[in-house]
Structures are given as structure tokens and as C-alpha cells.
Amino acid sequence: MGWGVVVRRGRGCRCDDAECLVMRVVVVPRPDGGGRLRPVGADGTPAGPVEEVDDLAARVAEWERVARPRWVWAATAEVYPELLRAGVRVRRCHDLALTEALLLGWACRHGEPRWWGAAWARLRGGPVPPDPPVRRREEHQPALFETVAAGTPEVDPVEALAAVLADQERRVAEVDHPGLMRLLVAAESAGSLAAAEMTHHGVPWRADAHDALLTELLGSRPPAGALPARLAELAGRVVAAFGGRAVNPDSPADLVRAFAHDGVDLPSTRSWVLREVDHPAVEPLLRYKELSRLYTAHGWSWLESWVRDGRFRPEYVVGGVVSGRWASRGGAALQVPKVVRRAVVADPGWVLVVADAAQLEPRVLAALSGDRGFARVAGEGDLYAAVAEEVFGGDRKRAKLGLLSAMYGGTSGGAGPLLAVLRQRFPEAMGFVEAAARAGEEGRVVRSRLGRTSPPPSARWHAVIERGADPGAGEAEKRQARRVARDWGRFTRNFVVQASAAEWALVLVAVLRQRVGRWAGSAELVFFQHDEVMLHCRREVAEDVAEAVRWAGVEATRWVFGSTPVRFPLEVSVVDCYADAK
DNA sequence: AGACGTTGCGCC
DNA sequence: AAAGGGCGCAACGTCT
């Protein structure tokens with residue numbers, strides 16, 4: 001899709017001026033704790049001698065004290081955890097790998113080899129080697145800088161990183177809106193620092209409370225290989241309800257057969273399907289599924305693997321989702337079930353500050369589209385209620401359904417007529433997502449507010465589309481082509497909203513992280529999940545921290561959307577226990 | 001036995 | 001209430 005559909009230039013990014021004067025220092029660590037550093041200009045040219053040090057952390061801390069540079073390194077995830085373990089924090093960085101992914105994406109070269117391929121091409125020409133494999137927590141793999149050093153002994157890694165930096169600066173300047181892309185690069189890099197710091201600090205987690213919760217719901221911990229008492233009992237009730245027929249409640253196929261035997265035909269055993277069925281097995285089965293999930297996903301073995309010394313330390317994968325949302329590795333960090341939040345308890349004398357952006361995505365759509373009518377309702381505290389008031393005679397449910405369908409591309413559940421009304425009332429907002437959907441259906445890419453780009457559809461996708469367009473195509477082929485086109489349209493429709501929402505949240509984290517630095521030792525960001533942040537802080541500073549979060553929301557709005565009537569309210573709770581938030 | 005795809009469900 | 005978008009994970013089941 002045309003860039004113009006998605007991004008109208010807002011307020012310029014401050015990185016354009018002051019930030020760019022910040023000194024950059026390239027860092028290449030050695031496995032033994034030493035490393036090499038070199039100050040460089042934005043164009044990668046040396047601004048000082050190479051330093052070779054045996055205690056990299058100490059040297060970084062010293063630089064940080066006197067010059068507050070922007071650290072330039074291959075990947076925060078490979079460099080920063082070690083610094084944190086040595087007690088060293090940094091204010092800002094430029095993550096070359098993350099930036100490379102953003103820039104490759106912008107040029108519709110998603111998935112191509114990243115930074116060191118670019119370095120190679122720039123320094124030596126010739127074929128571009130593939131990326132090193134993704135680093136796994138459990139196994140040691142060579143870090144990026146080691147790989148480049150091993151593969152190209154004649155290339156100084158410091159020189160290589162400086163070259164990549166220069167290359168990236170040049171490419172950023174060539175995008176349609178360099179100021180927005182600079183903001184994205186800065187926020188992505190700041191996010192990588194926040195992610196490493198959150199992993200380092202961890203979410204306060206009371207293993208005893210978790211164990212008590214499990215025991216209450218499942219019975220005491222069973223010996224290895226045995227089912228907890230409560231699950232065994234429910235499984236027994238399921239079997240009894242089928243007249244003693246042997247049924248494994250964990251096996252969908254088994255269940256479908258058992259229900260069929262009793263004259264109940266099921267398309268699947270999903271819980272919402274079962275809920276509609278009148279059969280004595282349903283009630284114990286639903287309860288079994290619910291508790292079984294708790295047991296397998298967040299039971300005692302989860303607790304043993306993931307909680308140490310009163311902290312849950314998930315590993316975040318910054319930019320791990322195509323939309324720019326973060327993913328996580330291990331521990332299912334971004335899926336902590338509501339019941340388990342009982343175990344997330346602040347240390348004595350400390351509290352949790354939990355903040356959640358209310359109705360973030362429709363607000364983002366309002367700001368993106370510039371629809372004045374929609375922006376006006378998005379200036380209200382309850383956007384859905386405001387839309388309901390204006391359009392649906394106060395029916396908030398219908399307002400919510402209609403708006404979610406507009407952003408996700410759904411038409412089921414009677415959303416069709418609601419969409420027609422919304423289209424009439426908010427033509428620019430609805431036109432915005434529909435233009436994004438059309439772009440996807442036609443195989444074009446779309447971009448977020450700051451310039452993150454959707455992946456182009458695969459060759460297979462194009463093949464299906466072309467087969468459907470062939471004059472000799474059969475009905476089935478045409479239908480399939482229409483379906484995959486619509487599917488991709490739903491993806492791009494959602495991408496523009498979800499990716500821009502992720503940017504707002506990312507900038508919030510970036511500015512909040514800077515602000516929280518003033519309470520070093522007394523307040524920590526400990527968790528971030530799409531539109532929600534959690535801080536762990538001393539009780540005395542809780543109100544100040546809560547205020548900082550609200551301020552960060554306002555800042556994020558200004559940075560990402562400039563001047564807009566749209567409000568992005570945060571629901572902030574100060575609690576002892578995560579389960580009590582909101 | 002291990003790889004892979006499917007099913008189902010937790011979160012936003 | 002679910003369905004539309006995005007994920008991670010565990011268990012089942014099939015294939016190799």
C-alpha cells in the first residue's frame with residue numbers, strides 16, 4: 001500500500017537534532033569479559049582510538065559516567081546481560097541486529113541475512129553468508145561478533161560494526177519519513193535494554209503462594225507420572241458419564257468418538273462447542289480441561305523450571321512478532337493465566353505498579369486515520385461507550401463488537417450490519433483499515449505508523465492467486481484464491497493497527513525506563529506485555545512511579561502521533577498482588 | 001525414538 | 001458468547 005495511506009508526517013523526531021550529537025561507542029565484547037571499544041561518528045568514522053580492555057564492564061561504566069554515549073553493538077541480547085550481571089547499566093544503545101531487521105523489512109527484504117551479511121557486503125563484496133543461528137537459552141552458541149570474527153579473520157569486528165552503523169544511518173535517511181524511522185530504531189533499541197533489565201530483575205514470584213494455589217485447585221502434588229487427585233476424580237466422572245467406556249479426556253479424537261457413540265456429533269471438542277452440548281460428561285470434562293491446562297502449563301514443574309530465588313525471569317524476544325510485539329522464549333511469559341497471578345506478590349516494603357492501556361487499538365486507529373469524528377469519541381475515557389452513545393443507541397456491546405470486527409476483519413456474529421453503520425459514521429477510520437485490507441488482498445505490503453513493514457505474501461500465495469485468476473480456473477480454484485486473498489487482507493488490516501499500537505507501547509516503555517532511572521534501586525520495570533507494564537518499587541515512591549507511568553503515556557502519544565485529540569488513558573493500580581490489579 | 005503437524009487453550 | 005488479528009506451549013497422533 002502507499003505509504004501515504006498509513007503515515008502522515010507528524011511531529012518530527014527529536015533524534016533528528018540533539019540525539020544525533022550523542023557520541024556513539026562501538027563495543028565488541030570478548031568471551032573472557034574483556035573487549036574492544038571505539039568512539040565513532042554517525043557515519044561510522046572513528047572519533048577516537050580503539051581501546052582494548054580486560055574489564056569491559058568497568059570501562060563501559062566509566063564511559064557511561066562521563067559521556068553517556070549511545071552504545072553500538074551487534075545485539076543487546078548478547079552483550080547487555082553480562083554487563084547487568086556485573087552491575088552496569090547503560091542509558092541508550094543502537095542494536096544493529098534489530099535495526100537491520102527493520103530496514104530490511106522496509107525494503108521488503110524480510111528474513112534476509114541481517115547485520116553481518118550487510119557488513120560483509122560493504123567491506124568485501126561477494127556472496128552474503130546466512131545469519132548465525134538463533135541463540136538458544138540452553139545451549140552456548142557463538143555470539144554474532146564471534147561469528148564474524150571467525151568467518152572473516154581479516155576483518156576487525158569493531159570496523160565491521162562501525163561500517164554497519166554507517167550503512168544503517170544512510171538507509172534510515174532514505175526512507176520516506178526518516179524521523180519516524182529513527183524514533184522506531186531508538187525505541188526498538190531502548191526496548192531491548194528494558195527487556196534485558198526486566199529479565200535481570202525478574203517478576204517477584206512467591207513459590208509458596210503458587211504451590212498453595214495449585215494444592216487448593218488440584219490437590220497436593222502427585223508423585224511423578226500420577227495425576228493430581230482432583231484431575232483423576234474428574235477423569236473418572238467423565239468415564240462414568242460415558243457409561244464406563246474408556247475415554248482419554250486429553251484426546252480430542254477419543255472424545256469425539258465417545259460423544260458420537262452417545263448420539264452427539266461434534267465438529268471439535270473445543271470448550272465453546274462442548275458448552276452447547278447436553279450430555280452428563282460435559283460439565284466434568286470442561287472442568288478437567290481447565291484444571292489440566294493449569295497443571296500442565298503452570299503447575300509444579302513450571303514453577304520448578306522458571307521460578308528461582310523468588311523471581312520469574314522470562315526471556316523476551318524484542319520484535320519477535322511480525323507486528324513488532326514482543327515474543328518470549330520459555331515460560332510462556334506473555335500468557336500468565338489470571339488465576340496464577342495470585343502468586344505475583346511484591347517484596348515486603350515494596351508494591352507493584354500495574355498499568356494497562358485501555359482500549360489501545362481503536363484509539364490507535366483513531367489517531368492513525370485522522371478521522372475527526374472517531375478521534376472525538378477516542379478522546380473519551382470509555383471509547384466503546386462513547387461510540388455506543390453516538391451510533392448504537394447506547395449499546396456498548398454492539399459498539400465493541402463492531403469496532404473489533406473492523407480491526408480484525410471479522411463479519412461473523414452479526415457484525416456485518418454494525419460495520420455498515422460504522423462505515424457511514426466514521427468513513428475515514430473505516431476506510432483506513434479497509435485500504436489496508438485491500439492492499440493485502442492485492443499482495444502489497446502495509447506499514448505501521450513509524451514504518452515497520454508487513455511481510456510480503458509468499459510465493460505460494462501468489463501461485464494460488466494466479467491459479468484463481470487463470471481463465472481456465474475451476475470454481476474450487478477461484479474460491480481458494482478468493483479465500484487466501486481475504487485471509488491476507490485480514491492480516492494486513494490488523495497489521496497496521498496492531499503494529500502501530502505496539503509502537504506506542506514500545507515508546508512508552510522507552511520513556512518510562514528513562515524516567516524510572518531516577519529511582520535507581522527503588523523502582524524497576526519488571527514486566528511488559530503488549531499494552532501493559534508492571535513495575536516493582538518501594539512503597540514510598542509508588543505514587544511518583546504511578547504518575548511517571550501516566551506521564552509516559554502522554555509522552556508516547558506525542559512522540560508517535562504528534563498533536564492529536566485522541567487520548568490514551570492508562571489504568572494504573574498500586575497493589576501488593578498482581579491478581580488485585582484493575 | 002524422534003520429527004512434525006494438529007488440536008486446544010492461555011494471554012494481548 | 002464467539003469471531004476476526006497476533007503469539008507459546010503441551011499433548012496427541014501420525015509418519016518416518
Side-chain angles (χ1 to χ4, degrees), chain A residues 227 231 247-257 266-276 285-286 288-299 301-302 305-306 314-341 356-362 364-365 397-398 400-416 418-419 433-434 436-437 440 446 448 452 454-455 483 486-502 504-505 527-534 578 582:
Chain A
L227 224 49
L231 285 180
V247 174
N248 176 2
D250 288 323
S251 165
D254 234 23
L255 288 168
V256 168
R257 275 192 297 272
L266 294 178
S268 78
T269 61
R270 293 187 151 83
S271 51
W272 69 83
V273 172
L274 290 174
R275 223 162 268 138
E276 302 304 314
L285 179 56
L286 287 173
Y288 175 90
K289 277 169 167 271
E290 197 180 323
L291 291 176
S292 167
R293 172 143 187 104
L294 172 67
Y295 174 58
T296 55
H298 286 92
S301 55
W302 181 92
S305 332
W306 291 103
E315 203 176 327
Y316 297 93
V317 185
V318 176
V321 179
V322 284
S323 66
R325 279 182 172 183
W326 294 8
S328 66
R329 198 148 50 214
L334 305 185
Q335 300 137 254
V336 176
K338 293 233 156 85
V339 289
V340 173
R341 297 179 185 184
D356 180 288
Q359 305 160 337
L360 178 58
E361 294 194 347
V364 164
L365 173 56
K397 279 187 159 177
R398 288 171 71 209
K400 183 173 179 179
L401 172 65
L403 285 172
L404 290 180
S405 300
M407 289 183 297
Y408 292 155
T411 50
S412 58
L418 305 182
L419 287 173
V433 283
E434 277 160 17
V446 295
S448 68
R452 196 183 303 267
S454 69
R483 203 195 66 236
R486 272 200 309 274
D487 286 351
W488 199 254
R490 269 200 301 281
F491 167 64
T492 51
R493 171 196 291 263
N494 184 251
F495 182 93
V496 292
V497 177
Q498 187 184 115
S500 302
W504 182 89
F527 189 61
F528 170 51
Q529 174 178 235
H530 312 316
D531 60 358
E532 181 182 348
V533 292
M534 185 194 298
Y578 189 18
K582 273 188 276 187

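Proteins get letters first, then strands, A, B, ... in listed order; numbering begins at 1 in each. What you are looking at is a predicted structure, and each value in this text was computed from that prediction instead of being measured.
Rounded to whole angstrom, the span from the CE atom of A:Met407 across to the P atom of C:dG6 amounts to 14 Å. In this structure, A:Glu290 places its CD atom 11 Å from C1' of B:dG10, rounding to the nearest Å. One atom, CG of A:Asp250, and another, P of C:dA11, lie 8 Å apart when rounded to the nearest Å. Rounded to whole Å, the distance from CG on A:Leu291 to C1' on B:dC9 is 13 Å. For the pair A:Leu360 CG and C:dG5 C1', the interatomic distance rounds to 14 Å; values are reported in whole Å. Between the P atom of C:dC7 and the OH atom of A:Tyr316 lies a distance of 18 Å, rounded to the nearest Å. Between A:Gln335 atom CD and B:dG8 atom P there is a gap of 18 Å when expressed in whole angstrom units. In this structure, A:Arg293 places its CZ atom 13 Å from P of C:dG8, rounding to the nearest Å.
Both geometric conditions, a ring-centre gap below 5.5 Å and a plane tilt below 30°, are not fulfilled together for A:Tyr408 over the base of C:dG4.
Of the candidate nucleotides C:dG5, B:dG8, B:dC11, C:dG5 has the atom nearest to the side chain of A:Asn494. Of the candidate nucleotides B:dG10, B:dC12, C:dG5, B:dC12 has the atom lying nearest to any side-chain atom of A:His530. For A:Phe491, the listed nucleotide lying nearest its side chain is C:dG5; candidates were B:dC12, C:dG5, B:dG8. Listed nucleotides: C:dA3, C:dG8, B:dC11. Nearest to the side chain of A:Leu404: C:dA3.
Put simply, the side chain of A:Arg270 and the base of B:dC9 share no donor and acceptor less than 3.5 Å apart.
Among the heavy atoms of the strands lying under 4.0 Å from A:Arg275 are primed sugar atoms or P, OP1, OP2 only; no base atom is included. Here A:Gln529 lies in heavy-atom contact (under 4.0 Å) with sugar-phosphate atoms only. Using a 4.0 Å heavy-atom cutoff across all strands shown, A:Val336 reaches sugar-phosphate atoms only and no base atom. Using a 4.0 Å heavy-atom criterion, one finds that A:Leu401 contacts the bases of the nucleic acid, with or without backbone contacts as well. Nucleic acid contact for A:Arg341: sugar-phosphate only, since backbone atoms but no base atoms lie under 4.0 Å from a heavy atom of the residue.
When the shell of 6.0 Å around NZ of A:Lys400 is examined, it contains 12 or fewer heavy atoms from other residues, nucleotides or ligands.
Place A:Gln498 and A:Ala297 on DNA chain C by their nearest nucleotides, and A:Gln498 ends up nearer the 5' end. Mapping A:Lys397 and A:Val321 onto DNA chain C via the closest heavy atom, the residue that lands nearer the 5' end is A:Lys397.
Looking at every heavy atom in both residues, A:Ala501 comes nearest to A:Glu361 through CB-CG, 4.1 Å.
The phosphate of C:dG5 has OP1 or OP2 within less than 4.0 Å of a side-chain N or O from A:Arg490. Distances shown here put a side-chain N or O of A:Thr269 below 4.0 Å from the OP1 or OP2 atom of B:dG8. In this structure, A:Lys289 reaches the B:dC9 phosphate: one of its side-chain N or O atoms is under 4.0 Å from OP1 or OP2. When the side-chain nitrogen and oxygen atoms of A:Thr296 are compared with OP1 and OP2 of C:dC9, none of them lie within a distance under 4.0 Å. One finds a side-chain N or O of A:Ser251 lying less than 4.0 angstrom from the OP1 or OP2 phosphate oxygen of C:dG13. OP1 or OP2 of C:dA3 lies within a sub-4.0 Å distance of a side-chain N or O belonging to A:Trp272. An OP1 or OP2 oxygen of C:dC12 is reached within less than 4.0 angstrom by a side-chain nitrogen or oxygen of A:Asn248.
Within the 3.5 Å criterion, the main-chain N or O of A:Ala406 finds a donor-acceptor partner in the side chain of A:Arg493. Formation of a donor-acceptor pair under 3.5 Å by the A:Ser251 side chain with backbone atoms of A:Val247 is not found in this model.
Using bins of under 30°, 30° to 60° and over 60° for the plane-to-plane angle, the ring pair A:Trp326/A:Tyr316 lands in the perpendicular bin.
Within the 4.5 Å cutoff, no side-chain heavy atoms of A:Arg325 are placed close to those of A:Leu334.
With values rounded to the nearest 0.5 angstrom, A:Leu266 atom CG is found 11.5 Å from A:Glu276 atom CD.
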